[in-house]
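In what follows, a structure is listed as C-alpha cells, so that the remarks can point back to it.
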Amino acid sequence: MTRIPSCSPIWLTSLSYCYFNPTSFSYVKQQSLPLPLHDFIKTRRLYNAFFCQTSRQFHADPTVQSLVSAVNFCSSTPLCRKIHAQVIKSLNYRDGFIGDRLVSIYAKFGCLDDAQILFDEMPNKDLVSWNSLISGFSRRGDLGKCLSSLCRMRSDMGMAPNEVTLISTISACTNTGAVDEGNYIHGLAVKMGLLSETKVVNALINMYGKFGYLDLASQLFKAVLVPNVVSWNSVLAIQIQNGFPEDGIEVFKLMSRAGLKPDQATVVTLLQGCADLGVGKLADAIHAYIFTCGLESDIPISTALLRFYAKSGRLHASYEIFREMKNPDRIAWTAMLAGYAVHGYGRGAIEFFDLMVKKGVEPDHVTFTHLLSACSHSGLVKEGRKYFEIMSSVYKVEPRLDHYSCMVDLLGRAGLLKDAHVLIESMPMEPNSGIWGALLNACRIYGDIELGNEVAERLFALNPSDSRNYIMLSNIYSAAGQWSDASKVRLLMKERGFVSNPGCSFIEHRSKIHRFVVGDQTHPDSDKIHKKLDELIEKIHKAGYVPRTEFVLHNVDEEVKQYLINKHSEKLAIAFGLLVTDSGRPIVITKNLRICGDCHGMAKFVSLTEKRSIIIRDSKRFHHFADGLCSCGDYW
DNA sequence: TGCCTCCAAT
C-alpha cells in the first residue's frame, strides 16, 4: 500500500477541487501549488490509499461523528465539495457510508461525472454504494447508465440487486417512457421474489399508470397484501392523470373507508382532480381539511390549491393563497403566473414575472412558457419578442418546442404570418405538429389560403391521424366561401376513416355533473332548459348580438346553423344564470380577445376536447370555463 | 446513522 505523505490542508483542499474539476487545473497552478499533470494522476492513487487507510482508522478518530452529521445535512454541491475535501484532509473515511452519501449528493445536484469518479475510486463498494450511484442516474433521467450499472453490478461483481435498486431503475423507466425496459425490470422483480415488497409494486403501479396501462396497474394494486398510503396515492394519481378524475375521487373514498389517513400527496393529487373536474364543493372540503390538519403552510399543497382557484376563475382567491405563502418556490411563482396568463392578464403576468426575478427566484423553461403564452393571448408582440430573446441571453434558458410554439402563436395571431413562418424555418430542432398547428390557426384567422394549404400539407405528413388539422383546413376554405374545397377535405377525412367528435359541454350543478352535446335532448330537464334558452336567446338578440357562423357549417340552412349554435354552450351557460350583459350588450371575454363575442369560438372553447378556457363576466363577477366546465361554484 | 415508491407550475 502506498504510504500517505504529509500534506498541508490547503494542498489537499486544492487537490479535491482539482480532482472534481480537472478543467480548473489552471486555478491550482495560479495558486503556485506544485501540482503538474503527472502529479495529478499520482494523486488519484494517493486518493485510493486514503480510502483504504482511513477505513481502518475510522473508529479511532473523534471527528468522524461531525463528518457524518455534516454529510447528512449536506444540501448543495459546493458544501459537498467542502466536506469531501475535509474527508480527505482528516483521513477519516470509511468506504461506504460517507462516500455513498457523497455519491448520491453529487448525483442529486447533477454532477454525475463527479459521482461516477468518486464511486469508481471507492475500494469496497457494497450494495448501498451501487444503489447510490444507480439512484443518482435515475434521478437525472439517465436510463442507459442505470441499466448498464445494474448489469455491471450483477455480472462483474456478482451482486444481486435489492428492492431499492429495482425501485430506482423502475423510476428511470417511468420517467423516460421506456416500456420494454420497464417490463424487463418487472420480470426481474418477479424472478428475484421482490414483488412482495410493497414499495417495488408501488413503483410498478406508477410506471404502468404513467404508460396508460390502467388494467395492469390495478391488477398489481389488487395483488398488494397491505397497500400503504403511497399505493393508494399512486392509484388515485393514475386515475386523475389519465383523465378520469371522477374515478379518482371514488378511489379516494375507498381509501378513506380502508382507514388510511390522507397525506400531503393525497391532498395535492385530489386538488389536481378537482381542478380538472371543477368540483368546487369537494375542493372546499379539502380546503377545510387542510386547515384542520395545519397543512396550509405546505408549499406543494398551497400551490395545488392556488392552481385550483386559478383554474376555477377565482384569481383573487388564488392570489390570496400565494400571498399567504411564506417562501413560495419557483413552482408556486410559476403557477401564479400561469393564473394570470390563462385569465388573459398579459401585463399582469409580465409585472409578476419582473417581481419574481426581483425577489431572486430563477425562472425556468415552464415559467417562460407561461410568460410567452400570456404575451400571446394579450397580443403583446413587442414584449413577447423581448422575453423570447432574453430568456436565453440573460436567463440561460434555451428555447424549447413550447416556446417556439408560443412565439408562432403570438406572431400568427398578430397577423405576422410571414414572421411566424420565418421563425419556424430558423428553429434549431424539427418543428412539431403543435407549431405548424399554431400557424395553421393563424392562417384560419387571417384567411390565408395559400399558406394554410402549405402548412396543412406539412401537418398531414407529420400527423396524418389528427382529425383537427383536416377540420381546420376545411374551416379555412369555408370561411373563404370555397365550399367545394372544404367538402373535398371533409371527404378526405371520411375516406381516411375519421369521425369528428362533436364538442361536449358539461356543467356542475348542485354537486352533479350535466353533460350536453349539440342537438342533444336527453337531459331530463331538456324541455325546461330549451324554453329558458329561447327566452334568453331572444333577449340577447334584442341586445344586438349576432353570432358569427361563416365557418361553422356549410351547406346547411342559415336557420339550422343558428339553431345548432344557439343550442350549444354559450346559450346553455346563459340559461344557467350567467346572463352575460354589460349595459345591455353581451360581453364575452376570452383569453384570446380576437374571438370575443364569437359564438362559435365560445362553443368551441367550452368544448371538452379543446382543453381551453374562457371567462364570462356578468355584472358581479367573472365566470371561468376550463376544460369544458364552468366551475365558478357560487353563482347558482 | 448511507440507497428507495406516490404529490405541486405546459
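Because the structure is predicted, anything quoted here is derived from the model rather than measured. We name chains A, B, ... by the order of the sequence lines, and we start the count at 1 in each one.
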Taking atom [atom2] of [N] as reference, at what distance in whole Å does atom [atom1] of [X] sit?
X       : N      : atom1 : atom2 : answer
H403(A) : dA9(B) : NE2   : P     : 16 Å
M325(A) : dA9(B) : CE    : P     : 11 Å
I299(A) : dA8(B) : CD1   : P     : 15 Å
N175(A) : dC4(B) : CG    : C1'   : 13 Å
Y319(A) : dA9(B) : OH    : P     : 20 Å
N202(A) : dT5(B) : CG    : P     : 11 Å
L306(A) : dC7(B) : CG    : C1'   : 16 Å
L133(A) : dC4(B) : CG    : C1'   : 15 Å

Just N and O in the side chain of Q241(A): are any of them under 4.0 Å from OP1 or OP2 of dC7(B)? yes
Check this one for me: any side-chain N or O of Q272(A) less than 4.0 Å away from OP1 or OP2 of dA8(B)? yes
Shortest side-chain distance from [X], nucleotide among [options]:
X       : options                : answer
V366(A) : dA9(B), dC7(B), dA8(B) : dA9(B)
N233(A) : dC6(B), dC3(B), dA8(B) : dC6(B)
N131(A) : dC3(B), dT5(B), dC6(B) : dC3(B)
R139(A) : dA8(B), dC6(B), dC3(B) : dC3(B)
S104(A) : dC3(B), dA8(B), dC4(B) : dC3(B)
S168(A) : dC6(B), dT5(B), dC4(B) : dC4(B)
S234(A) : dC6(B), dC4(B), dC3(B) : dC6(B)
I331(A) : dC7(B), dC3(B), dA9(B) : dA9(B)
P300(A) : dA9(B), dC4(B), dA8(B) : dA8(B)

Taking only residues two or more places apart in sequence or in another chain, which ones pass side chain to side chain donor-acceptor pair (under 3.5 Å) with [X]?
X       : value
N228(A) : N202(A), S231(A)
D354(A) : Y387(A)
E320(A) : R323(A)
R385(A) : D419(A)

Distance only, no hydrogens: is a donor on one side chain within 3.5 Å (strictly under) of an acceptor on the other, for [X] and [Y]?
X       : Y       : value
Y340(A) : H370(A) : no
Q116(A) : D120(A) : yes
Y404(A) : D409(A) : no
T369(A) : H403(A) : yes

Sequence neighbours excluded, which residues qualify as salt bridge (Lys or Arg N to Asp or Glu O under 4.0 Å) partners of E296(A)? none
Output all residues satisfying salt bridge (Lys or Arg N to Asp or Glu O under 4.0 Å) with D364(A), sequence neighbours left out; order by chain, then residue number. R330(A)
Can you run down the side chain to side chain donor-acceptor pair (under 3.5 Å) pairs that involve residues 259-275 of chain A, sequence neighbours left out, and say none if there aren't any? N233(A)-D263(A), N233(A)-T266(A), D263(A)-T266(A), Q264(A)-D298(A)
If a pair satisfies ring pair (Phe, Tyr, Trp, His ring centres under 6.0 Å) and one of its residues is in residues 232-280 of chain A, list it, with sequence neighbours excluded. F221(A)-W232(A)
Scan [range] against DNA chain B and write down, sorted by residue number, each residue with any heavy atom closer than 4.0 Å; if none is found, say none.
range                       : value
residues 247-261 of chain A : none
residues 427-434 of chain A : none
residues 203-211 of chain A : N206(A), K210(A)

Just to be sure I understand the rule, does E197(A) reach a base, reach only the sugar-phosphate, or reach nothing, if contact means heavy atoms closer than 4.0 Å? nothing
Please name all residues satisfying ring-ring contact (aromatic ring centres under 6.0 Å, His included) with Y184(A), sequence neighbours left out, ordered by chain then number. none
